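Accompanying notes for the structure given below.
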Number of protein chains: 2
Amino acid sequence: MAQAQTAVSERQDTQQLILDAAEAVFANNGFDGATTRAIADEAGVNSALIHYYFRSKERLFEAVFARRSGAINDRRRRLKDALFASGGTPALEELLDAFLRPTIELGRDEEHGGHNYTRLLVHVATGTDERSRRMTGQQYDAIAIEFVDAILKIVPGLTRELAVWGYLQGVSVGVILMARTGRAADLSAGECRDDDVEEVIARARTFIAAGIRALADPEKTTTKKPNQKEETTT
Amino acid sequence: MAQAQTAVSERQDTQQLILDAAEAVFANNGFDGATTRAIADEAGVNSALIHYYFRSKERLFEAVFARRSGAINDRRRRLKDALFASGGTPALEELLDAFLRPTIELGRDEEHGGHNYTRLLVHVATGTDERSRRMTGQQYDAIAIEFVDAILKIVPGLTRELAVWGYLQGVSVGVILMARTGRAADLSAGECRDDDVEEVIARARTFIAAGIRALADPEKTTTKKPNQKEETTT
DNA sequence: GTCTATAGTTCGATAGAC
DNA sequence: GTCTATCGAACTATAGAC
């Protein structure tokens, strides 16, 4: 699509074209479903160039996954540090906003392909295969520990173990919301819309903050099963 | 593995052997990463039999996905109906227990391959491709609406729109927990374990119940962004 | 129902000209 | 850096003997 006549600011080198195309094709088809030929076609380049710039399909995939993770986590860290900069302790809702905003906003950015990355991230972050676990850990473990530490500073009565669980359960909410599966609309006859970034973030923020605070309440975290009679089929 | 000498109760016909093997191979490799040859080898049957019993790889995948969904949702429904049977209104935690228990327990059932199904379910439920959305809707829309209705009966001050969001955000927590990615252990130097079913359910129950109740609080659900100065890089 | 054999594609990757 | 051409290996699916 991008020809030599386009403005300088829109010019992209071949490597970026391939990364953008790969991001879209991997997001739509997964690693195994995507083909290097389809990526080359999407990028408008010769398929041999993929192996020239990236050694293999595997390395291309890892490059795509790593490309945006730095920007996401830099922004999360900047927002979080700004909250603590004045010396006080921010509200839990503010901390969660700092965590959620970069990915939720990216998931609504169709102009620069951000929505493709978030769909890919959902796939990798929820995968149980060895490659998914390795890549998720490499790119997102450090920021995870920073936010767990921050949660511990803000919420009294929370053990580190419970903070990790609260963080992960919160992440799972954010993961689903950044991908826009359209399921909310399906279940509500179109009443629920997921295109308003501020509303999506506000709901997730409220939900997760209350959930984490509840985990700190020792009365609530007993493992006793509530009284239930499992009725047999009548 | 299962030979002719095994007890009658352990005998399985070829079709079930293929479904069990396909469940494991699809869970480990996804739809495109799994091959019919690998499934046949895992099942110990000739690869041509897969196309004899199921017409195509696609239909086999759908059969695998549909096989356990009926049992899961029947049990959810039975547990839920038992809670309302006495005429009273159950606690929100009890309703969530009924929803979470079938999948969380299935995810820890390695003896009958249930853990393979839950990993597959995570993949399909979070997928944005057309097949994933279609299959998720076909198997899980009906039970979703039943539980949204139940949430509306239990929690005062909740609109249907917010109940759907609360349900979906709760589901996302349950989805992550049923797959056992091991990430909690990674982030806590092994301190967090996810093998105790009752503890996993209790934490999720507490977290989600508090989150849904918070959504009903009109003061909390404003879409106003909290005061934050996004610090530029120093 | 179960097997062998194979048709017909498509894949990732590379060699080598320009 | 970019292209054409192609290799060797895999894949799904089926035909046909038993």
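First the proteins, then the strands, lettered A, B, ... as listed; each starts at 1. None of these values were measured; they are calculated from a predicted model. These numbers come from the heavy atoms of this one structure, side chains and all, not from hydrogens, waters or symmetry mates.
- A straight line from CD1 of A:Ile18 to C1' of C:dG12 spans 15 Å, rounded to a whole angstrom.
- If you measure from atom CD of B:Glu58 to atom C1' of D:dC11, you get 16 Å, rounded to the nearest angstrom.
- A:His51 is linked by a ring pair (Phe, Tyr, Trp, His ring centres under 6.0 Å) to nothing, counting only residues two or more places apart in sequence or in another chain.
- Between A:Ile39 and A:Phe26 there is a side-chain heavy-atom pair separated by less than 4.5 Å.
- Heavy atoms of B:Thr14 sit under 4.0 angstrom from primed sugar atoms or phosphate atoms, though from no base atom.
- Contact annotation for B:Ser47: no contact, since no heavy-atom pair falls under 4.0 Å across all strands.
- Distance from the side chain of A:Tyr52 is smallest to D:dG1 among D:dG1, C:dT2, D:dC3.
- A:Glu62 pairs in a salt bridge (charged side-chain N to carboxylate O under 4.0 Å, His left out) with only one of the listed residues (A:Arg55, A:Arg134, A:Arg131), which is A:Arg134.
- Closest approach to the A:Lys57 side chain among C:dC3, D:dC3, C:dG12 is made by C:dG12 (side chain taken as heavy atoms from C-beta onward).
- Taking a cutoff of 4.0 Å between a charged side-chain nitrogen and a carboxylate oxygen, A:Asp74 and A:Arg77 qualify as a salt bridge.
- Regarding A:Leu60, its CG atom lies at a distance of 15 Å from the P atom of C:dC11, rounded to whole Å.
- Contacts of B:Tyr53 with the nucleic acid, taken as non-hydrogen atoms under 4.0 Å apart, involve only primed sugar atoms and P, OP1 or OP2.
- In this structure, A:Asp41 places its CG atom 12 Å from P of D:dC3, rounding to the nearest Å.
- In this structure the side chain of A:Arg183 reaches within 4.5 angstrom of the side chain of B:Asp141, judged on heavy atoms.
- Here the side chain of B:His51 is nearest to one of D:dT14, D:dC3, C:dA13, namely D:dT14.
- Within the structure, every pair that satisfies the side-chain hydrogen bond (donor to acceptor under 3.5 Å, both in side chains) test and touches residues 160-170 of chain A, not counting sequence neighbours, is listed here: A:Asp149-A:Arg160.
- No donor-acceptor pair under 3.5 Å is formed between the side chain of B:Arg119 and the backbone N or O of B:Asn28.
- If you check residues 29-39 of chain A against DNA chain D, the residues with a heavy atom closer than 4.0 Å are A:Arg37, listed by number.
- Straight-line distance from the CG atom of B:Asn46 to the P atom of D:dG16: 17 Å, rounded to whole Å.
- For B:Arg59 and D:dA13, the CZ to C1' distance is 14 Å, given to the nearest whole Å.
- As a whole-Å value, the separation of B:Phe54 CZ from C:dT2 P is 12 Å.
- Distance CD1 (B:Ile50) to C1' (C:dT2): 13 Å, rounded to an integer number of Å.
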